[in-house]
Amino acid sequence: MDTSLMLFAAFAFLAAFNAGNMLTLQIQHYGIYPQVGRDQFAEYIRANNRSAVVPTILPAMLLLLTSVALLAARPHFMSFGAALAAVALNVTQLASTFMWQRRLQGEMAETGYDDGKIRLLLSTNWIRTVAFFAQAVLATTILVQALACAGVV
């Protein structure tokens, strides 16, 4: 199989995976922070931050790497503009992560529960959620268009 096609397949899988993962974090995980309890909250956040490496951080970094790689080696059915949009969406989610989510979770891991920080975390995390979701829509659209051009659908 062609390297650019394998790269796109990895991108499409990771885009869908990260979109689902982030939507779950946004709606389910972050939404139950108030029920964790103030006394246990800092410990909970520290455990959460440690356990996020494999299911959340690694796939997001792999998506960023595949998106950047697609700028140089994309399949014939993916335009340069689509590859650039994928990178821009990654930069958006990464900027949001470092401007808000990582900082807020790090602070709460030290200081504990804070209503204001949780509200800010929930509201700003929509930036990441939408960026990941848009990237999954982009990957799906490219895939469906490629299949249609090939006469598969």
Side-chain angles (χ1 to χ4, degrees), residues 1 3-75 78 82-144 146-147:
M1 190 182 319
T3 303
S4 65
L5 188 57
M6 290 175 54
L7 192 57
F8 179 80
F11 163 74
F13 170 78
L14 289 165
F17 178 87
N18 280 291
N21 191 23
M22 190 53 60
L23 197 56
T24 300
L25 286 174
Q26 178 67 17
I27 293 171
Q28 181 184 9
H29 179 65
Y30 291 161
I32 62 170
Y33 274 11
Q35 282 73 45
V36 171
R38 291 180 185 271
D39 295 339
Q40 302 87 357
F41 194 77
E43 183 179 328
Y44 174 81
I45 291 294
R46 284 192 295 272
N48 173 73
N49 291 348
R50 284 189 305 272
S51 68
V53 173
V54 173
T56 305
I57 297 169
L58 181 61
M61 292 296 102
L62 290 172
L63 179 60
L64 173 63
L65 291 174
T66 58
S67 297
V68 169
L70 281 169
L71 285 172
R74 60 189 189 284
M78 183 179 194
L84 195 58
V87 172
L89 289 164
N90 268 290
V91 169
T92 300
Q93 72 81 14
L94 198 57
S96 178
T97 298
F98 284 99
M99 288 172 58
W100 292 294
Q101 290 81 42
R102 185 169 182 232
R103 177 181 57 83
L104 290 167
Q105 289 180 343
E107 289 173 6
M108 289 189 294
E110 297 300 317
T111 62
Y113 188 90
D114 183 303
D115 282 322
K117 287 179 182 176
I118 289 173
R119 278 192 304 277
L120 185 58
L121 178 69
L122 284 167
S123 64
T124 59
N125 196 61
W126 278 110
I127 297 166
R128 282 196 312 188
T129 303
V130 169
F132 277 127
F133 190 78
Q135 203 163 31
V137 168
L138 175 67
T140 303
T141 301
I142 294 166
L143 184 58
V144 169
L147 291 171

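These figures come from a predicted structure and were not determined experimentally.
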For the student: nearest non-hydrogen atoms of Ala82 and Ile142, plus distance: CB-CD1, 3.7 Å
Test side-chain contact (heavy atoms from CB on, under 4.5 Å) on Trp126 and Met22 and set out the steps. CA-CA 9 Å; Trp126 278 110; Met22 190 53 60; over 6 Å; no
Should the ring pair Tyr44 and Phe41 be called parallel, tilted or perpendicular, given that the plane angle runs from 0 to 90° and is split at 30 and 60? tilted
Note, Met61 side chain near Leu94 side chain (heavy atom, < 4.5 Å): yes
If the condition is salt bridge (Lys or Arg N to Asp or Glu O under 4.0 Å), which residues does Asp39 pass it with, not counting sequence neighbours? none
For the residue pair Gln135 and Ser67, establish whether any side-chain heavy-atom pair is separated by less than 4.5 Å. yes
Taking Gln101 for the side chain and Thr124 for the main chain, is one N or O donor matched with an acceptor at less than 3.5 Å? yes
Please find the pair of heavy atoms, one from Asn18 and one from Ala60, that lie closest to each other, and give the distance. OD1-N, 3.4 Å
Looking only at heavy atoms, the pair that brings Ala12 and Ala139 closest together is CA-CB, 3.9 Å
Please tell me if the side chains of Phe132 and Asn21 come closer than 4.5 Å, counting only heavy atoms from C-beta onward. no
May I ask you to test the Ser96-Thr92 pair for a side-chain heavy-atom distance under 4.5 Å? no
Under a 4.5 Å cut-off applied to non-hydrogen side-chain atoms, are Phe98 and Arg103 in contact? no
Can you tell me if Asn125 and Arg128 form a side-chain donor-acceptor pair at under 3.5 Å? yes
What's the shortest heavy-atom distance between Ala73 and Ser4, and which atoms? O-CB, 3.4 Å
Restricting to side-chain contact (heavy atoms from CB on, under 4.5 Å), what partner residues turn up for Thr24, sequence neighbours left out? Gln28
For atom CD of Gln40, decide whether the heavy atoms of other residues, nucleotides or ligands shown that lie under 6.0 angstrom number more than 12. yes
Of all the heavy-atom pairs spanning Phe17 and Pro55, show the shortest one and how long it is. CE2-O, 3.4 Å
Consider side chain to side chain contact (heavy atoms under 4.5 Å, CB included). Of Leu65, Leu70, Leu62, which one does Phe11 pass it with? Leu70
Could you tell me the separation between the CD atom of Gln26 and the OG atom of Ser123, rounded to the nearest 0.5 Å? 8.5 Å
Any side-chain heavy-atom pair of Trp100 and Ile127 under 4.5 Å: yes
Is the count of non-hydrogen atoms from other residues, nucleotides or ligands lying under 6.0 Å from Tyr33 atom OH greater than 12? yes
If you round to the nearest 0.5 Å, how far is CG of Leu7 from CG of Leu71? 10.0 Å
Separation between NE2 of His29 and CG of Leu23, rounded to the nearest 0.5 Å: 14.0 Å
Closest non-hydrogen atom pair, Ala10 against Thr66: CB-CG2, 4.1 Å
Return a table of donor-acceptor pairs under 3.5 angstrom between the side chains of residues 109-122 and protein atoms on other chains or two or more places apart.
| unit_1 | atom_1 | unit_2 | atom_2 | d |
| --- | --- | --- | --- | --- |
| Thr111 | OG1 | Glu107 | O | 2.9 |
| Tyr113 | OH | Asp115 | OD1 | 2.8 |
| Asp114 | OD1 | Gly116 | N | 2.9 |
| Asp114 | OD1 | Lys117 | N | 2.9 |
| Asp115 | OD2 | Arg38 | NH2 | 3.4 |
| Lys117 | NZ | Glu107 | OE1 | 3.1 |

As an exercise, state the distance from OG1 of Thr3 to CZ of Arg74, rounded to the nearest 0.5 Å. 15.0 Å
Given Gln93, which of Val91, Leu89, Asn90 fulfils the side chain to side chain contact (heavy atoms under 4.5 Å, CB included) condition? Asn90
